[in-house]
Amino acid sequence: CKKNLRVLLDMDQVLADFELGFFQEYRKKYPEYPYIEMKDRVGFFVKDQYEKMFSSVPNIGNAVANIYNAKKFFLNLPEIEGAVDAAKKLAKMEGVDVFICTSPIEKYKYCLPEKYEWVHKHLGPEWVARIILTKDKTMVNGHLLIDDRVDIIGAIERPSWEHVVFSANHNMKADIGKRRRLDNWTNGDWKELIEDFKMR
Ligand code: T3P
């Protein structure tokens, strides 16, 4: 029986920069619309905060959704700094199995294939087999889930994985209880995190 540490990496805001991609496209497509600076983003869903902050602007929610529902949005997302390099190093570590665990958006038409293409393009063809697409991450078995979303809930009340919160502007003020954080892929903290989990 294999005793490898199974690490689940979320995709948006852990590997691919959804928030930056959104901000840039939104400003480009709707320069006349009000916007929220990236540092002021609060809460997981962009649309929720825009609709709340700019409730007097008609159709602002649709404008927001048009950005991430568009063809090539997910494909063209920039990398989170250091993520691809760290993921590759992580996958090469002895005793570690890495998977990408990501949820599609409601309008899945472009999002689904483009998530695959993004992984192929940025990480390589062998990574495509590591993709787990699901709306319910609690159903996925693993030891560690690195994810920026604070409220990961689903059918399983006590998932097998421990959730480590990957820092993002939108979650900096959130109450994460006893959970650990990983702030970035660039300062080397992720190596310590993995070593800690391997020793359990
Ligand atoms: P992931 O599971 O890789 O983090 O909701 C579906 C996916 O799109 C999910 O991907 C998160 C991402 N997403 C955001 O990050 N912010 C949003 O406002 C929306 C609608 C989706």
Side-chain angles (χ1 to χ4, degrees), residues 7-27 29-30 33 35-54 60-80 83-84 86-87 98-123 127-128 130-140 142 144-155 159 161 163-172 174 176 179 181-182 184-185:
V7 181
L8 309 168
L9 300 177
D10 167 41
M11 197 165 168
D12 294 313
Q13 229 50 41
V14 170
L15 300 175
D17 203 335
F18 181 102
E19 292 277 342
L20 179 60
F22 169 79
F23 185 79
Q24 289 175 337
E25 281 302 305
Y26 177 81
R27 293 291 294 138
K29 194 165 179 193
Y30 301 104
Y33 271 46
Y35 61 93
I36 297 166
E37 294 284 1
M38 286 174 67
K39 65 171 173 46
D40 298 324
R41 278 275 299 114
V42 179
F44 187 71
F45 293 108
V46 186
K47 190 165 168 254
D48 289 350
Q49 194 184 3
Y50 272 71
E51 284 180 331
K52 215 169 154 187
M53 268 188 91
F54 309 121
I60 189 138
N62 289 336
V64 166
N66 282 343
I67 299 300
Y68 50 72
N69 289 336
K71 194 173 177 175
K72 300 269 172 98
F73 173 78
F74 281 93
L75 179 60
N76 288 337
L77 291 183
E79 290 172 13
I80 293 284
V84 166
V98 183
F99 298 89
I100 295 171
C101 186
T102 183
S103 304
I105 55 169
E106 215 174 298
K107 295 221 186 318
Y108 53 79
K109 183 170 174 159
Y110 302 120
C111 171
L112 277 175
E114 289 179 13
K115 276 182 175 286
Y116 274 77
E117 286 176 65
W118 194 99
V119 168
H120 190 134
K121 178 174 152 192
H122 292 262
L123 285 153
W127 280 77
V128 173
R130 299 192 171 121
I131 299 172
I132 301 167
L133 265 160
T134 178
K135 268 290 191 194
D136 189 343
K137 296 185 184 181
T138 71
M139 290 295 291
V140 181
L144 166 60
L145 170 66
I146 300 177
D147 200 309
D148 64 304
R149 184 165 184 170
V150 174
D151 56 330
I152 303 173
I153 50 165
W161 37 257
H163 178 203
V164 169
V165 178
F166 195 83
S167 291
N169 288 317
H170 72 76
N171 69 30
M172 293 316 286
I176 61 164
R179 282 173 285 181
R181 273 184 184 274
L182 180 62
N184 56 61
W185 290 113

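Numbering of ligands and ligand atoms starts at 1, following listing order.
Here Glu114 pairs with nothing under the side-chain hydrogen bond (donor to acceptor under 3.5 Å, both in side chains) rule; sequence neighbours left out.
For NZ of Lys52, the number of neighbouring non-hydrogen atoms (other residues, nucleotides, ligands) closer than 6.0 Å is 12 at most.
Closer than 4.0 angstrom to ligand 1 by heavy atom are Asp10, Met11, Asp12, Phe18, Phe44, Phe45, Val46, Tyr68, Thr102, Ser103, Pro104, Ile105, Lys115, Lys137, sorted by chain and number.
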Test log, rule side chain to side chain donor-acceptor pair (under 3.5 Å), inputs Glu19 and His170: CA-CA 9 Å; Glu19 292 277 342; His170 72 76; 5.0 Å; no
From CA spacing to verdict: salt bridge (Lys or Arg N to Asp or Glu O under 4.0 Å), Lys137, Asp147: CA-CA 10 Å; Lys137 296 185 184 181; Asp147 200 309; 2.8 Å; yes
Step-by-step ring-ring contact (aromatic ring centres under 6.0 Å, His included) determination, Tyr35 to Phe23: CA-CA 8 Å; Tyr35 61 93; Phe23 185 79; 5.7 Å; yes
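Residue Leu144 forms a side-chain contact (heavy atoms from CB on, under 4.5 Å) with just one option from Val7, Leu8, Leu182, Leu9, and that option is Val7.
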